[in-house]
Amino acid sequence: MRAAMAEAPVGDDVYGEDPTVLELERRTAELMGHEAGLYCATGSLANLLGVRMLVEPGQEVLCDVGAHVARAEMGAHAAVHGLTMRTFPSEDGRLHVDRVAEILSPAAGPYQVSTAAVAVENTHNFGGGTVQPLEQLQAVGELCRAAGVGYHLDGARLWNAHVATGVPLETYGRLFDTVSLCFSKGLGAPVGSVLVSSAERIARARVQRKRLGGGWRQAGMLAAGALHALDHHLERLGEDHAAARTFAAAVADRVPGAVQLDRLETNIVVLRTGRTPAAPVAAAAAQQGVLVSALGPHLIRAVTHLDVTDEECGRAGALLGDLLAAESLAA
Ligand SMILES: Cc1ncc(COP(=O)(O)O)c(C=O)c1O
């Protein structure tokens with residue numbers, strides 16, 4: 001990947017002259033069945049632009065309570081674009097059309113905020129790598145179309161959903177008006193996301209990206225890493241899913257109940273620490289070279305990826321299990 005980046009032909013992307021960026025945008029759009037793409041520095045920026053292309057200031061976007069757009073983008077959609085967000089409940093981030101239908105409020109007139117778009121996440125990060133059922137994605141899409149509201153996919157980890165289910169990327173892509181995809185997560189590129197949509201929306205998003213200071217010059221060096229990842233790191237995501245199961249099984253051997261093995265779908269493992277505080281366990285694991293996040297007071301998230309082997313994940317799971325068992329005895 002580093003060699004591909006070093007050798008990439010580059011140009012000025014603000015003028016649309018970087019051949020490597022153009023190639024990444026074209027290939028990603030084609031894979032997703034969309035007309036055009038826009039390479040952005042982060043998934044957060046791609047989501048910010050994607051949602052804005054569907055929602056005007058003063059209108060609302062609906063998403064689930066644990067959505068990355070609502071919880072982890074620092075309020076940007078409201079702070080920068082003047083949108084409001086309303087959330088529907090979900091268990092482990094799993095989408096259900098009835099939850100959306102209950103709060104969808106298009107053309108709400110002069111008294112209430114109008115829903116202009118629905119945003120969903122696949123796979124769902126805080127839900128624990130949850131894969132959204134295709135029929136629910138389709139049902140929400142039909143609901144949106146019938147109501148005349150937009151449909152955005154935060155597909156930061158859509159690659160994992162595709163590998164886990166075998167559903168073609170294009171089948172997912174065609175359900176949505178705008179889709180963001182990250183290259184810097186499971187695919188292992190250092191930087192960047194692509195937003196795909198119609199040519200008209202992408203042209204508008206390009207202007208807004210520049211307005212936000214996100215126009216970049218010879219970004220082809222970074223795009224080359226993403227192209228390399230597409231060619232070499234996509235199909236191997238199944239190995240990360242297997243390693244997540246290895247990790248989780250090692251934890252469960254030591255602390256049954258800390259992890260729900262039947263909920264494990266992709267490369268994210270959520271550990272429930274019971275009454276044991278998560279932060280000291282995560283800190284002790286870090287001291288021994290295993291990095292996990294304390295996502296909540298009693299919740300730990302572990303993510304497997306291409307830089308850790310199945311065997312290492314087994315050892316990491318054993319370490320986490322031992323630490324959890326020791327801490328819960330001490331508590
Ligand atoms: C589901 C989801 N969407 C978007 C993002 C944002 O990506 P970035 O960190 O590149 O802004 C993340 C990051 O973890 C994510 O998990």
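Order of listing sets the numbers, starting from 1, for every ligand and every atom in it.
Using 4.0 Å as the threshold, K185 has a heavy atom nearer than that to some atom of ligand 1.
Atoms of ligand 1 found under 4.0 Å from any heavy atom of S44, numbered from 1 in the order shown, are 6 (C), 7 (O), 8 (P), 11 (O). Of all the atoms in ligand 1, the ones that sit under 4.0 Å from a non-hydrogen atom of R157 are 1 (C), 14 (O), 15 (C), 16 (O). Remark: ligand 1 atoms within the under-4.0 Å shell around heavy atoms of N47 are 3 (N), 4 (C).
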Quiz item: How far apart are the C-alpha atoms of E60 and T115, what are their side-chain angles, what is the distance that settles it, and do they pass the side-chain hydrogen bond (donor to acceptor under 3.5 Å, both in side chains) test?
Solution: CA-CA 5 Å; E60 70 180 8; T115 307; 2.6 Å; yes
Quiz item: Passes salt bridge (charged side-chain N to carboxylate O under 4.0 Å, His left out), D231 versus R27? Steps please.
Solution: CA-CA 11 Å; D231 289 334; R27 275 191 61 189; 2.9 Å; yes
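When all heavy atoms of H96 and Q136 are compared, the closest pair comes out as CA-OE1, 3.4 Å. Smallest separation of non-hydrogen atoms from V281 and L323: O-CD1, 3.9 Å.
A donor-acceptor pair under 3.5 Å is absent between the side-chain atoms of Q218 and the main chain of D13, judged by distance alone.
With salt bridges taken as basic N to acidic carboxylate O contacts below 4.0 Å, one links R206 and E25. Salt bridge annotation for R94-E265: present, with a cationic side-chain nitrogen under 4.0 angstrom from a carboxylate oxygen.
Contact annotation: for D154 versus ligand 1, heavy atoms closer than 4.0 Å belong to the side chain alone.
For a threshold of 3.5 Å applied to N or O pairs, the pair formed by N125 and ligand 1 contains at least one separation below that value. At a 3.5 angstrom cut-off on N or O pairs, A156 does not count as close to ligand 1. Checked by distance only, ligand 1 and E121 stay at 3.5 Å or farther apart across all their nitrogen or oxygen atoms.
With respect to atom 8 (P) of ligand 1, the closest heavy atom belonging to the protein is G43 N, 3.5 Å. Nearest protein heavy-atom contact of atom 6 (C) of ligand 1 is H68 CE1, 3.4 Å.
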